[in-house]
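Accompanying notes for the structure given below.
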Amino acid sequence: MEIERKFLVKELPENLQQYPHDELCQAYVCTAPVIRVRQKNDTYILTIKSGGMLAREEIEMPIDATAFEHLKAKKDGMLISKTRYKIPEEHGYTIELDLFHDVYEGFHMAEVEFESEEAANNYTPPAWFGEDVTFDPRFHNSRLCKNTVQEVAAFLSYVLSV
């Protein structure tokens, strides 16, 4: 079970390069249900996710580069690429800060995973977090990949103004 909250980011933390990070490229083979393939640095993962916003089932399986390329070619929508920083947080959680690239350049979102829905609901985010978008489907990567050029422009206009 994946239990996570998503937040827009008001300002990036200082000295971001001090934190470990991964380069991610992901494609959605299907968005309902979510079937995603991801390249994370030099590893490849197939993920299946159930529906849901705060909590949902998630199954991950390693695949090889050939399978990734084969499935990536069958993507439903555009590729999503981003750099993910892993930032330790004062309550013992890890903040996954995503800096999006390509058509979503300038968009930043933070995610925090929890062991229970109660912990997620009781979480107080740090001051550099912006709006909580956990329950807004526009901020799921599986939705971002389906946006048209015009929708991407409107989306970026919105997130860069809040």
Using the six-membered ring wherever Trp is involved, compare the ring planes of Phe68 and Tyr44 and label them parallel, tilted or perpendicular (cut-offs 30° and 60°).
tilted
Group every Ile, Leu, Val, Met, Phe, Trp and Tyr by side-chain heavy-atom contacts under 4.5 Å, then state whether Phe100 and Val152 land in the same group.
yes
Using the six-membered ring wherever Trp is involved, compare the ring planes of Tyr104 and Phe155 and label them parallel, tilted or perpendicular (cut-offs 30° and 60°).
perpendicular
Would a single hydrophobic cluster contain both Met109 and Leu12, if residues Ile, Leu, Val, Met, Phe, Trp and Tyr are joined by side-chain heavy-atom contacts under 4.5 Å?
no
Is it true that Phe7 and Val9 fall in one hydrophobic cluster, defined by side-chain heavy atoms closer than 4.5 Å?
yes
Tell me if a side-chain donor or acceptor on Asp136 pairs with a main-chain N or O of Phe139 at a distance below 3.5 Å.
no
Value rounded to 0.5 Å, distance of CG in Leu24 from NE2 in His101:
8.5 Å
Is it the case that Thr47 and Arg36 place a side-chain donor and acceptor less than 3.5 Å from each other?
yes
How about Glu14: does its CD atom have over 12 heavy atoms from other parts shown lying under 6.0 Å from it?
no
Lys6 pairs by salt bridge (Lys or Arg N to Asp or Glu O under 4.0 Å) with which of Glu111, Glu96, Glu131?
Glu111
Specify whether His91 and Tyr93 have parallel, tilted or perpendicular ring planes, treating 30° as the upper limit for parallel and 60° as the lower limit for perpendicular.
tilted
Under a 3.5 Å cutoff, is there a donor and acceptor pairing between the side chains of Tyr19 and Gln17?
no
Can you confirm whether Asn122 is buried at CG, in the sense that more than 12 heavy atoms of other residues, nucleotides or ligands lie under 6.0 Å from that atom?
yes
Should Arg84 and Asp22 count as an ion pair when the cut-off is N to O under 4.0 Å?
no
Any carboxylate oxygen within less than 4.0 angstrom of a Lys/Arg side-chain nitrogen, looking at Arg143 and Glu151?
yes
Do Val112 and Leu16 share a hydrophobic cluster (ILVMFWY, side-chain heavy atoms under 4.5 Å, transitive)?
yes
Give the intermediate values and the outcome of side chain to side chain donor-acceptor pair (under 3.5 Å) for residues Glu118 and Tyr123.
CA-CA 9 Å; Glu118 180 182 2; Tyr123 179 70; over 6 Å; no
Do Leu8 and Ile95 belong together in a cluster built from hydrophobic side chains that touch within less than 4.5 Å?
no
